[in-house]
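Sequence lines set the chain letters: A, B, ... in the order given, protein chains first and strands last, and positions in each chain run from 1. All values below come from the heavy atoms of this structure, side chains included, with hydrogens, waters and symmetry mates left out.
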Amino acid sequence: MARHLITSAIPYINGIKHLGNLVGSQLPADLFARYQRARGNEVMFICATDEHGTPAELAAAKAGKDVADYCAEMHDVQAEIARGFRLSFDHFGRSSSAQNRVLTQHFAVKLAEAGLIREVTEKQMYSITDGRFLPDRYIEGTCPNCGFESARGDQCDNCTKQLDPVDLINPRSVISGSTDLELRETKHLFLRQSEMRSKLQDWIDSKTDWPLLTTSIAKKWLNDGDGLQDRGITRDLHWGVPAQFEGAPWSGMDGKVFYVWFDAPIEYIAATEEWADKTGGDWARWWRTDRGADDVTYTQFMGKDNVPFHTLSFPATILGSNEPWKLVDYIKSFNYLNYDGGQFSTSRGRGVFMDQALEILPADYWRWWLLSHAPESADSEFTWENFQTSVNKDLADVLGNFVSRITKFCRSKFGEALPAGGAWGEREAALIDELNTRIRAYETFMEEKEVRKAAAELRAIWVAGNEYLQAAAPWTVFKTDPDQAAAQTRLALNLVRLYAVLSAPFIPDASEAMLAGMQTEDRSWPADAKAALEALPVGHAFTTPEVLFRKIADEEREDWQQRFAGTRG
RNA sequence: GGGCCUGUAGCUCAAUGGUUAGAGCAGGGCGCUCAUAACGCCUUGGUUGGGGGUUCAAGUCCCUCCGGGCCUACCA
């Protein structure tokens, strides 16, 4: 039995994520996790909320809440929504956990022992009114290049020129609007990634089967300009893992915390510890190659914005520690999902957010569309028309109607149990051949994390059932040869169970509904289609399920189109 | 500015340099009547963004121009 460690990029705590965030990491990770479990493999599927950083502090302040309370509340909200989408995490952790604090500090010490931490004193903008140092993006002013009045400290959105906050004319705090800014000296810890460059380069070069998107971003960072740069791993914030602690090999870091991007990936490990503490399980056999993790296959899922941190920073942390931690084996990255001619926008409330999606339709509808249109090779686009068409055609007509037509046919002609009599012939043999071929193809696409191709293959498997029924025509055969019609009907009812098993990673609720209808708990993966189509024997009782997927009407679609065009309300 | 990705049928997407560029949806025709007005079969539709080049052979490789997108290290 293979062992799969699967992590999804951890969503930021600040607010509810939109469908683009979902399809970029959590959903495909869940698909893979469910598939591996269905194949009988041992799976540890980890996700968490990424809770530290400036935006969390500001969002909490805006909500008038203590940041810890705010994060706890938002974590529960996100966890509830994740359950709603049937994301099957073994554990949904929190980067603010005690386990992560200990582990993050541990890694920092190990990196320091390896000579990979250096202290840097630099000058940064401090807002006296806000009482905090401001990240470049939290400073606005007039662009010295083009005169644009809302240029950010890092870049002017009008002329795209790269800026430094000190370049801005009349700089002000984005938070308070205050112009009471000054440059202050501050000391930070830097991870000497430049020292790790050739090691990381060799590692990336060895990953010839990774998505182009993943390796090209990594190589860009490795080779751009002077090559991989050292990176600050601390910040002047209150909310985070304290950078000064008992046993720290440095001093003068009081009141500072580790940068979110240092502690966030470490949370993958810490979340597994959280899981172990909760369940009594053994986290080390997933993460320590000296403690049983050497046979683990580790796959990460993320949007393209996360790639540099997962291909370079986090591996630098792992490798630099000189400890036997499990390193990622495959990084599946995704492009962005756009919304109806533009981008999803959290700030402008443009697009569909996860909570809203579930208010409108059940999880499976969204899961199917998102996964079958996953932005793998390029950015892809959500349109309501496309969504409506896919749901109505693929789910309602092809799959749902198949279940409906065969169960109702059987009920009316034979009653609600698999009828006896008849035998299979050439047509059935041909179907079995096709199914075997397609199921093997489906497995291959799933193993390769080719999400859209897997979805297309699954759909083709559904279509094969309709083709068979149409060609066999048991409703006609029944008039002259009821035994033969019974054999055909038995096969088709077994197809329903087979479809439930194969479709479960994509549409778990519908899969359960199909199994419930067939009154079986048999979820065994079809090693051979012939055997799978004999799983439910003659006389096995079933119930005719309710409509599996309802159709989306034009009026509904238009209504939603209006509702989600502008501001979230 | 630099780097990367991308442009293929009306739409969404496929195609290790190798038959006549393929699917789904939409459109047209036929069939079926078990079914959620569902299903099946057949079919229309392409100067592969433009131009040039390499090659026996180019959607695929090279150059160039045009369009779309992302990243560019202190948002996360």
Integer angstrom distance from the P of U55(B) to that of C13(B)
36 Å
Atom CD of Glu182(A) with >12 non-hydrogen neighbours under 6.0 angstrom:
yes
Using atom CD of Gln155(A) as one end and atom C1' of U72(B) as the other, report the distance to the nearest whole Å.
8 Å
Under 3.5 Å on both distances, the Watson-Crick or G-U partner of G24(B)
C11(B)
Closest to the Tyr259(A) side chain, choosing from A38(B), A76(B), A14(B)
A76(B)
For Phe549(A), report the nucleic acid contact type (base, sugar-phosphate, nothing); a contact means any heavy atom under 4.0 Å.
base
Check this for me: does any side-chain nitrogen of one of Arg132(A) and Asp130(A) sit under 4.0 Å from a carboxylate oxygen of the other?
no
Which is true for Ser412(A) with a 4.0 Å heavy-atom rule: it touches a base, it touches only sugar-phosphate, or it touches nothing?
nothing
Pair assignment for A58(B), Watson-Crick or G-U wobble, requiring both distances under 3.5 Å:
none
Just do the side chain to side chain contact (heavy atoms under 4.5 Å, CB included) check on Leu181(A) and Tyr126(A) with the steps written out, would you?
CA-CA 6 Å; Leu181(A) 309 179; Tyr126(A) 184 85; over 6 Å; no
Over how many whole Å does the gap from Ile406(A) atom CD1 to G40(B) atom P extend?
15 Å
Look at atom CG of Asp226(A) and say whether more than 12 heavy atoms of other residues, nucleotides or ligands are closer to it than 6.0 Å.
no
Round to a whole Å and report the spacing from CZ of Phe387(A) to C1' of A26(B).
19 Å
Please report the distance separating the C1' of U48(B) from the corresponding atom of G22(B), rounded so that it comes out in whole Å.
12 Å
Could you please name the option among C34(B), A76(B), U36(B) that lies closest to any side-chain atom of Asp305(A)?
A76(B)
Partner nucleotide of U47(B) by Watson-Crick or wobble geometry (both distances under 3.5 Å)
none
N/O donor-acceptor pair, side chain Asn401(A) with base A35(B), under 3.5 angstrom
yes
Can you tell me, in whole Å, how much space there is between the C1' of C5(B) and that of U60(B)?
16 Å
Closest to the Arg137(A) side chain, choosing from C75(B), G40(B), G69(B):
C75(B)
Salt-bridge test for Glu467(A) and Arg427(A): reply yes if a basic N is under 4.0 Å from a carboxylate O, no otherwise.
no
5′-ward residue of the pair Leu399(A)/Asn338(A) relative to RNA chain B:
Leu399(A)
Please report the distance, rounded to the nearest Å, between CE in Met74(A) and P in A76(B).
17 Å
Considering only the P atoms, how many Å lie between A23(B) and G40(B), rounded to the nearest integer?
15 Å
For atom C1', what is the distance between G17(B) and U33(B), given to the nearest Å?
50 Å
Would you say Lys304(A) places a side-chain N or O within less than 4.0 Å of OP1 or OP2 belonging to U72(B)?
no
Residues Asp433(A) and Arg438(A) bridged, charged N to O under 4.0 Å
no
Students often get this wrong, so: under 4.0 angstrom with heavy atoms, is Thr54(A) touching a base, only sugar-phosphate, or nothing?
sugar-phosphate
For U33(B), give the paired nucleotide (Watson-Crick: N1-N3 plus N6-O4 or O6-N4; G-U: N1-O2 and O6-N3; both under 3.5 Å), or none.
none
For the C1' atoms, the ones on A35(B) and on G67(B), what distance do you get once it is rounded to whole angstrom?
47 Å
Is there a Watson-Crick or G-U wobble partner for U19(B) with both distances under 3.5 Å, and which nucleotide is it?
none
Nearest whole angstrom, please: distance from the P of A38(B) to the CG of Asp394(A).
14 Å
Are a donor atom and an acceptor atom from the side chains of Ser96(A) and Glu51(A) found within less than 3.5 Å of each other?
yes
Is any side-chain N of the basic residue among Arg118(A) and Asp230(A) closer than 4.0 Å to the acidic one's carboxylate O?
yes
Touch check for Asn466(A), heavy atoms < 4.0 angstrom, all strands: base, sugar-phosphate only, or nothing?
sugar-phosphate
Please classify the nucleic acid contact of Gly303(A) as base, sugar-phosphate, or nothing, using heavy-atom distances under 4.0 Å.
nothing
So Ser380(A), base contact, sugar-phosphate only, or nothing? Heavy-atom distance under 4.0 Å.
sugar-phosphate
Nearest-nucleotide pick for Val547(A), side chain only, options being G3(B), A15(B), U36(B)
U36(B)
Ignoring backbone atoms, test whether Lys453(A) places a side-chain nitrogen or oxygen under 4.0 Å from the OP1 or OP2 oxygen of C13(B).
no
For Leu213(A), which contact category applies under a 4.0 Å heavy-atom criterion: base, sugar-phosphate, or nothing?
nothing
Picking from C71(B), C32(B), C13(B), which would you name as closest to the side chain of Arg452(A)?
C13(B)
Base, sugar-phosphate, or nothing for Val463(A), non-hydrogen atoms under 4.0 angstrom?
sugar-phosphate
What interatomic distance, in whole Å, is found between P of G52(B) and the corresponding atom of G59(B)?
14 Å
Taking the C1' atom of each, how far is U64(B) from G28(B), in whole Å?
42 Å
Considering every strand and a 4.0 Å limit on heavy-atom distances, what is the contact class for Phe402(A): base, sugar-phosphate, or nothing?
nothing
Among A76(B), C39(B), C41(B), find the nucleotide with the atom closest to the side chain of Arg405(A).
C39(B)
How is Arg550(A) classified with respect to the nucleic acid when contacts are heavy atoms under 4.0 Å: base, sugar-phosphate, or nothing?
nothing
Contact class for Lys551(A) (heavy atom, under 4.0 Å): base, sugar-phosphate, or nothing?
base
Cationic N near anionic O, under 4.0 Å, Lys332(A) to Glu376(A):
yes
Between CH2 of Trp369(A) and C1' of C11(B) the distance, given in whole Å, is 12 Å
First of Lys220(A) and Tyr336(A) reached from the 5' end of RNA chain B, by closest nucleotide:
Lys220(A)
Find the distance Trp462(A):CH2 to C39(B):C1' and express it as a whole number of Å.
16 Å
Stacking between Trp475(A) and C34(B), defined as ring centres under 5.5 angstrom apart with planes under 30°, is that present or not?
yes
Look at all strands and tell whether Glu122(A) reaches a base, only sugar-phosphate, or nothing, counting heavy atoms closer than 4.0 Å.
base
Between Gln470(A) (CD) and C30(B) (C1'), how many Å, whole number?
13 Å
Can you tell me which nucleotide in U12(B), C32(B), C75(B) comes closest to the side chain of Asn386(A)?
U12(B)
So if I take every side-chain heavy atom of Lys408(A) and compare against A73(B), A35(B), C70(B), which nucleotide ends up nearest?
A35(B)
Does Arg459(A) have a side-chain nitrogen or oxygen under 4.0 Å from the phosphate oxygens OP1 or OP2 of C25(B)?
yes
When you check the phosphate oxygens OP1 and OP2 of G7(B), does a side-chain N or O of Ser377(A) lie under 4.0 Å from one of them?
no
Picking from U36(B), C75(B), C5(B), the nucleotide nearest the side-chain atoms of Leu212(A) would be C5(B)
Between C41(B), C13(B), U33(B), which one does the side chain of Glu467(A) approach most closely?
C41(B)
Is the shortest side-chain N to carboxylate O distance from Glu185(A) to Lys123(A) below 4.0 Å?
no
